[in-house]
Amino acid sequence: MSSSATGALEVLGAAAAFGAMAVFARWAYADGVSPATLLFLRFLLAALVLVPWVVVARLAWPRGRALLALFLMGALGYAGMSACYFNALNHASAGTVALLLYLFPAIVLLLSAVLFKERLTGRRLLTLALALAGLAVTVGTDLSARPLGLLLGVGSALIYALYILAGSRFAQGTHPLAASAVVIASAAACNGLQLLIGAGFQGPESWKGWAASLAMALLCTVVAITLFLKGLEKVGATRASLISTAEPVVTIVLAWILLGEHLSGLQLAGGGLILVAVALSSGEKSTTEGPVKAA
């Protein structure tokens with residue numbers, strides 16, 4: 001299997017792991033965990049696993065520009081995107097917020113063309129159109145939202161797009177586990193600071209909440225971020241962002257199976273469009289878009 005195909009599978013695996021997060025979050029919330037606390041536990045528990053792993057394995061820590069970029073990806077990227085996303089939910093429906101977040105592939109595509117002179121090929125434009133159409137059908141198009149909700153939703157997409165572009169340009173040459181450890185530890189520190197100046201810690205009331213939080217930390221954070229960074233190095237920012245649109249399909253299917261949520265024919269149709277887009281992007285041959293190695 002080619003490096004490009006392996007990278008596409010790694011990004012797809014990351015999307016599946018990220019897609020499970022909503023289910024674990026629902027279980028944690030039902031056990032009394034606040035959103036801010038869950039974000040902190042997610043990154044803290046993941047950091048407590050990854051940082052010792054990197055030390056014991058004697059992996060090289062990133063330095064220079066790579067270290068700074070990875071720190072900012074965690075402290076500003078993940079923390080900022082999460083803050084925009086969860087606050088947007090207070091001003092707009094979940095479907096609208098999800099749709100706005102998944103504008104990030106379009107933003108990555110446009111910024112890559114403007115900043116890095118990548119070609120806007122017909123295949124990529126078709127893939128993007130299919131993915132956005134599928135997302136609109138899958139998560140709904142209820143735009144009866146307050147302006148602040150729309151602004152925060154677009155903000156989450158913009159921050160995530162910048163996160164992906166930064167990772168593709170500066171995480172090259174760094175071991176994925178070491179890169180993930182820096183991103184996750186900095187996100188944990190930022191979310192911990194938010195708890196200190198905000199509402200405070202509101203943790204799980206039973207083992208069920210702790211189990212959901214741990215699953216989110218291990219599967220939806222350690223595994224997901226590491227797979228994503230590994231795949232990102234092989235396929236580049238644009239393809240990685242397009243393949244990542246499979247995430248809401250995973251979320252909806254898991255919510256149907258594990259939470260008993262309704263799965264409509266329109267959602268199945270939208271999911272089919274997204275999967276076609278993912279297949280088109282996964283099958284694309286490698287181009288010269290590859291990320292620049294960090295010094």
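Residues meeting the side chain to side chain contact (heavy atoms under 4.5 Å, CB included) test with Leu193, sequence neighbours left out: none. Qualifying side-chain hydrogen bond (donor to acceptor under 3.5 Å, both in side chains) partners for Ser34, counting only residues two or more places apart in sequence or in other chains: Thr37. Checked against side-chain hydrogen bond (donor to acceptor under 3.5 Å, both in side chains), Thr226 has the following partners two or more places apart in sequence or in another chain: Ser180. Applying the side chain to side chain contact (heavy atoms under 4.5 Å, CB included) test to Ala178 and every residue at least two apart in sequence or in another chain returns Val54, Pro62, Thr174, His175. Annotation: side chain to side chain contact (heavy atoms under 4.5 Å, CB included) contacts of Ala215 (sequence neighbours excluded): Phe24. Scanning for side chain to side chain contact (heavy atoms under 4.5 Å, CB included) contacts around Ala57 gives Trp53, Leu59, with sequence neighbours left out.
Of the possible donor and acceptor atoms, one in the side chain of Ser186 sits under 3.5 Å from a partner among the backbone N and O of Val183.
Under a hydrophobic clustering in which Ile, Leu, Val, Met, Phe, Trp and Tyr are joined whenever their side-chain heavy atoms come within less than 4.5 Å, directly or via other members, Leu41 and Leu48 fall into the same cluster. Hydrophobic clustering, with ILVMFWY side chains joined whenever heavy atoms are under 4.5 angstrom apart, groups Met81 together with Val11. Using a 4.5 Å cut-off between side-chain heavy atoms of Ile, Leu, Val, Met, Phe, Trp and Tyr, with links allowed through other members, Leu151 and Phe104 fall into different hydrophobic clusters. Linking ILVMFWY residues whenever their side-chain heavy atoms come closer than 4.5 Å, directly or via other members, places Val108 and Leu115 in the same cluster.
Annotation for Leu12 and Ala246: closest pair CD1-CB, 3.8 Å, computed over non-hydrogen atoms. The minimum heavy-atom distance linking Met216 with Leu38 is given by the pair CE-CD2, 3.7 Å. Of all heavy-atom pairs between Pro176 and Leu229, the closest is O-CD1, 4.3 Å. Contact detail for Ile164 and Ala237: the closest heavy-atom pair is CG2-CB, 3.7 Å. The shortest heavy-atom contact between Ala36 and Leu195 is CB-CD2, 3.7 Å. The minimum heavy-atom distance linking Val222 with Ala46 is given by the pair CG2-CB, 3.6 Å.
Identified under the salt bridge (charged side-chain N to carboxylate O under 4.0 Å, His left out) test for residues 214-230, with sequence neighbours left out: Glu10-Lys230. Note on residues 11-27: pairs passing salt bridge (charged side-chain N to carboxylate O under 4.0 Å, His left out), not counting sequence neighbours, are Arg26-Glu261. Screening residues 206-216 for side-chain hydrogen bond (donor to acceptor under 3.5 Å, both in side chains) gives Asp31-Ser206 as the qualifying pairs, with residues at least two apart or on separate chains. Residue pairs satisfying the salt bridge (charged side-chain N to carboxylate O under 4.0 Å, His left out) criterion with at least one member in residues 39-51, sequence neighbours excluded, are absent.
Within the 4.5 Å cutoff, side-chain heavy atoms of Leu109 are placed close to those of Leu125. A 4.5 Å side-chain heavy-atom check between Phe228 and Ile243 finds every atom pair outside the cut-off.
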### Task
Apply side-chain contact (heavy atoms from CB on, under 4.5 Å) to the pair Val51 and Trp61, showing each step before the final yes or no.
CA-CA 10 Å; Val51 172; Trp61 290 98; 4.2 Å; yes

### Task
Take Gln194 and Asn191, measure what side-chain contact (heavy atoms from CB on, under 4.5 Å) needs, and give me the verdict at the end.
CA-CA 5 Å; Gln194 290 178 0; Asn191 280 282; 3.6 Å; yes

### Task
Apply the test side-chain contact (heavy atoms from CB on, under 4.5 Å) to residues Ile225 and Phe18: give CA-CA distance (whole Å), side-chain angles for both, the deciding distance (0.1 Å), then the verdict.
CA-CA 9 Å; Ile225 293 179; Phe18 280 129; 3.9 Å; yes

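From Leu45, atom CG reaches atom CG of Leu50 across 11.5 Å, with rounding to the nearest 0.5 Å. For the atom pair CD1 (Ile184) and CE (Met73), the distance works out to 10.5 Å, reported to the nearest 0.5 Å. Note that CG of Leu72 is 9.5 Å distant from CG of Leu67, once rounded to the nearest 0.5 Å.
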Check: residues 155-163 side-chain donor-acceptor pairs under 3.5 Å, at least two apart:
residue, atom, partner, partner atom, Å
Ser156, OG, Gly153, O, 2.6

